[in-house]
Amino acid sequence: MLPFKSLTSSKQLTPKIIEQLFAVIDDMAASIEAKGRIELLDDKVVALLFFEPSSRTMMSFQSAAQRLKAGMVFAQNAASTSFEKGESLEDLIRMVESYSDIIVMRHAMPGSADIAANTSKVPFINAGDGGNEHPTQALIDAYTIHKKKGRLSDLDIVFGFDSLQSRSIHSLSRLLAQYQGNRFTFTGPGELEPSASLIKELEDLGAQCTVTSDVNLHDGYDVAYVNRLQEERFENRALFEKNRQKYRLTKADVENSGCLILDPLPRIDEICTEVDDLPNAVYFEQASYGVPVRMALLAMLLGKA
Ligand code: NCD
């Protein structure tokens, strides 16, 4: 059982909870191998509300629900729902909670996840609230790092290239800052450095933070976590255009560095395709863990694992 009803921030994912979740994720991965689908949530309905574009998150939640034999209801963009008519998020949630047993939502507004979680009588999962948080992605990322490195502490991690606006970077750094001895190096355009408040939050938890425009992955880093510049979140289009292809990992940057390369995807300009075949490029494997991770979260929040 998880000590919370809803998951809105990776701050909730403490090392103790992560340990429990990893055991359930391993069980879910084994059940996919052995049986494909299991009847764990066949008496439940999952609501999937995606008001911002999504491929991996939406499909892996669908696949997770299917593999647990849950029913599903969907709303896939704001224009096809009553938002278009001016309905409030609170009213929408009050309605959806009566159609489902758990609500998964992605929404463009930072803080929308807290509003929805506080309104909903049924468990709620944040699948991305604007540029704020993406806790289920952080769980996938942490699971991948743990599989590959055998630990989540004492790691040297590079984050790039839009630490200001990437909710994936925000959530993973908040999760990993709860472990001992982690050192974070944020890199990318100066204008896209992490906010002072995020750095303070991470340092208060004990993580050592450095911000620099230049990093050499051959300098002993364990993990590089890169994410595209978040084009849709730029108020200043010229700033995006100026930087869009400047920060890009090449084969020479990555090969023989011993540094794992993770990316929540979609990959746009941040990694050259020539990197894909290197043994330390693990982003597609990382994406594959989306299904067992989301199966574990659905099952645990519904009190079935
Ligand atoms: C991320 C997101 O939506 O924040 N994608 C994902 O869920 N895998 C990263 C991104 O869109 O850049």
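Index from 1, following the sequence. One-based numbering, in listed order, for ligands and for the atoms of each.
The environment of K251 atom NZ is sparse: at most 12 non-hydrogen atoms of other residues, nucleotides or ligands sit within 6.0 angstrom. The number of heavy atoms from other shown groups lying within 6.0 Å of NZ (K200) does not exceed 12.
Listed by first then second residue, pairs satisfying ring-ring contact (aromatic ring centres under 6.0 Å, His included) with a partner in residues 168-213 read F159-F184, F159-F186, not counting sequence neighbours. For the ring-ring contact (aromatic ring centres under 6.0 Å, His included) condition, the pairs that include at least one residue of residues 226-261, sequence neighbours left out, are F161-Y247, F234-F240.
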Dump the pairs for me: ligand 1 N or O, protein N or O, distance under 3.5 Å, to 0.1 Å.
unit_1: ligand 1; atom_1: 3 (O); unit_2: R106; atom_2: NH1; d: 3.3
unit_1: ligand 1; atom_1: 3 (O); unit_2: R106; atom_2: NH2; d: 3.1
unit_1: ligand 1; atom_1: 3 (O); unit_2: R167; atom_2: NH2; d: 2.9
unit_1: ligand 1; atom_1: 4 (O); unit_2: R167; atom_2: NE; d: 2.7
unit_1: ligand 1; atom_1: 5 (N); unit_2: L265; atom_2: O; d: 3.0
unit_1: ligand 1; atom_1: 7 (O); unit_2: T57; atom_2: OG1; d: 2.8
unit_1: ligand 1; atom_1: 7 (O); unit_2: R106; atom_2: NH2; d: 3.1
unit_1: ligand 1; atom_1: 7 (O); unit_2: H134; atom_2: NE2; d: 2.8
unit_1: ligand 1; atom_1: 8 (N); unit_2: Q137; atom_2: OE1; d: 3.3
unit_1: ligand 1; atom_1: 8 (N); unit_2: P264; atom_2: O; d: 2.9
unit_1: ligand 1; atom_1: 8 (N); unit_2: L265; atom_2: O; d: 3.1
unit_1: ligand 1; atom_1: 11 (O); unit_2: R228; atom_2: NE; d: 3.4
unit_1: ligand 1; atom_1: 11 (O); unit_2: R228; atom_2: NH2; d: 2.9
unit_1: ligand 1; atom_1: 12 (O); unit_2: N227; atom_2: ND2; d: 2.8
unit_1: ligand 1; atom_1: 12 (O); unit_2: R228; atom_2: NE; d: 2.7
unit_1: ligand 1; atom_1: 12 (O); unit_2: R228; atom_2: NH2; d: 3.4
unit_1: ligand 1; atom_1: 12 (O); unit_2: Q230; atom_2: NE2; d: 3.0

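Looking at residues two or more places apart in sequence or on another chain, you find no ring-ring contact (aromatic ring centres under 6.0 Å, His included) involving F50.
R94 has no carboxylate O lying under 4.0 Å from a charged side-chain N of E87, or vice versa, which leaves the two without a salt bridge.
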